[in-house]
Amino acid sequence: MPRGKFYEDYMGIRKMAQRITREREEAFRALPEREKARLRPRILPEPVKAAVARGEKRLFEVLRDEKDWGAGRLVTRILWQTRYPEPCYWRLTKVVPDELAEERDFGDAWGVRTWRGICENTERKITKANRTHGWWVVPTEKEEEFCRVPEDSTHAEERKAPYEVPVPPLLRAMMLAEQQKQGADLVEPMMPIRISKTPANRASQVSWAEYQDWLKEKEIAK
């Protein structure tokens with residue numbers, strides 16, 4: 001059966017479409033990684049979809065309408081206010097918007113964090129500004145009231161943690177039996193622990209005996 005003009009036109013259009021697709025793929029592969037990330041379709045995780053549905057915004061979505069992109073202002077997240085009684089916020093020191101973002105809703109921001117009423121006094125980058133939702137800018141006239149720490153807050157009190165704890169009973173029995181088998185002096189087996197030193201975890205590490213005494217003092221104080 002002879003192939004007519006319609007078939008030739010169809011094959012010509014198909015080849016042209018394939019050529020255009022190849023050219024677009026080659027052009028995309030040649031782009032910098034940052035530009036590729038901007039052009040890829042965004043697949044939002046379920047928690048993020050829920051936050052968007054509630055109208056919660058990312059940091060640069062609330063800063064783009066502020067003077068100087070909010071530099072010098074206090075910003076916080078709704079989640080922090082519902083989770084902790086003490087104020088948690090960032091004092092913005094430097095804001096650099098992404099000029100390639102069409103809606104001006106991406107960028108980098110630096111600031112000094114105050115976590116549960118305790119200021120870190122160190123400028124650092126806000127690492128999850130472009131991924132987390134629920135940001136809002138504290139009105140200037142409300143800053144003093146917002147930064148006030150509740151009188152009944154106990155977060156700033158001294159905290160201690162042991163640098164070693166007793167091992168579980170079965171493991172203790174096995175380790176003592178091994179010491180006895182080797183003819184060594186019996187030593188109470190302990191398991192060392194390490195804690196990260198962050199503003200959210202300010203506990204000082206002490207021995208197990210000191211830790212027990214500290215707990216007894218707290219019980220007496222209550």
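Treat the numbers as computed from the prediction; the structure is a model and nothing was measured.
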Taking all non-hydrogen atoms of both residues, which atom of [X] and which atom of [Y] are closest, and how far apart?
| X | Y | value |
| --- | --- | --- |
| Glu61 | Asp105 | CG-CB, 3.7 Å |
| Gln179 | Val187 | OE1-N, 2.7 Å |
| Gly70 | Leu92 | O-CD1, 3.4 Å |
| Thr76 | Cys88 | OG1-O, 2.7 Å |

Main-chain N/O of [Y] paired with [X] side-chain donor or acceptor, under 3.5 Å:
| X | Y | answer |
| --- | --- | --- |
| Gln205 | Pro162 | yes |
| Thr114 | Tyr89 | no |
| Arg77 | His133 | yes |

[atom1]/[X] to [atom2]/[Y] distance, rounded to the nearest 0.5 angstrom?
| X | Y | atom1 | atom2 | value |
| --- | --- | --- | --- | --- |
| Glu120 | Trp115 | CD | CH2 | 9.5 Å |
| Glu86 | Cys147 | CD | SG | 13.0 Å |
| Asp98 | Asp108 | CG | CG | 8.0 Å |
| Met175 | Glu188 | CE | CD | 9.5 Å |
| Arg113 | Ile118 | CZ | CD1 | 10.5 Å |
| Met191 | Leu171 | CE | CG | 8.0 Å |

Inset, instruction - Using the side chain to side chain contact (heavy atoms under 4.5 Å, CB included) rule, take Thr93 and Val112 through it: C-alpha gap first, then chi angles, then the decisive distance, then the call. - result: CA-CA 7 Å; Thr93 56; Val112 178; 4.3 Å; yes
**Prompt:** With a cut-off of under 6.0 Å to the ring centre and 45° to the axis, is Arg58 in cation-pi contact with Phe106?
**Reply:**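 Verdict for Phe106: a cation-pi partner in Arg58.
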- prompt: Just checking, Arg83 and Trp80: is the charged tip under 6.0 Å from the six-membered ring centre and within 45° of the axis?
  reply: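 That pair does not qualify as a cation-pi contact.
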Measuring only between side-chain heavy atoms, which start at C-beta, is [X] closer than 4.5 Å to [Y]?
| X | Y | result |
| --- | --- | --- |
| Glu164 | Ser207 | no |
| Val62 | Val75 | no |
| Val138 | Arg73 | no |
| Trp69 | Arg64 | yes |
| Leu63 | Val95 | yes |
| Val165 | Ile193 | yes |
| Ile126 | Trp90 | yes |
| Asn130 | Phe60 | yes |

- request: Assess whether side chain to side chain contact (heavy atoms under 4.5 Å, CB included) is satisfied between Met190 and Trp208, documenting all intermediate values.
  value: CA-CA 9 Å; Met190 302 292 284; Trp208 179 251; 3.8 Å; yes
| Quick check: are there more than 12 heavy atoms from other residues, nucleotides or ligands sitting under 6.0 Å from CD of Gln212? |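 More than 12 heavy atoms, drawn from other residues, nucleotides or ligands, come within 6.0 Å of this atom.
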Exercise. Are Val206 and Leu215 joined in one hydrophobic group, where the rule is that I, L, V, M, F, W and Y side chains link up if heavy atoms are under 4.5 Å apart?
Worked result: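 Yes, Val206 and Leu215 fall within the same hydrophobic cluster.
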- Salt-bridged, Arg91 to Glu143, with N to O below 4.0 Å?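 Salt bridge flag = yes for Glu143 with Arg91.
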Just do the side chain to side chain contact (heavy atoms under 4.5 Å, CB included) check on Ile78 and Trp136 with the steps written out, would you? CA-CA 8 Å; Ile78 297 172; Trp136 60 283; 3.8 Å; yes
- Could you walk me through whether Lys94 and Glu123 pass the salt bridge (charged side-chain N to carboxylate O under 4.0 Å, His left out) check? CA-CA 9 Å; Lys94 179 183 177 182; Glu123 182 189 49; over 6 Å; no
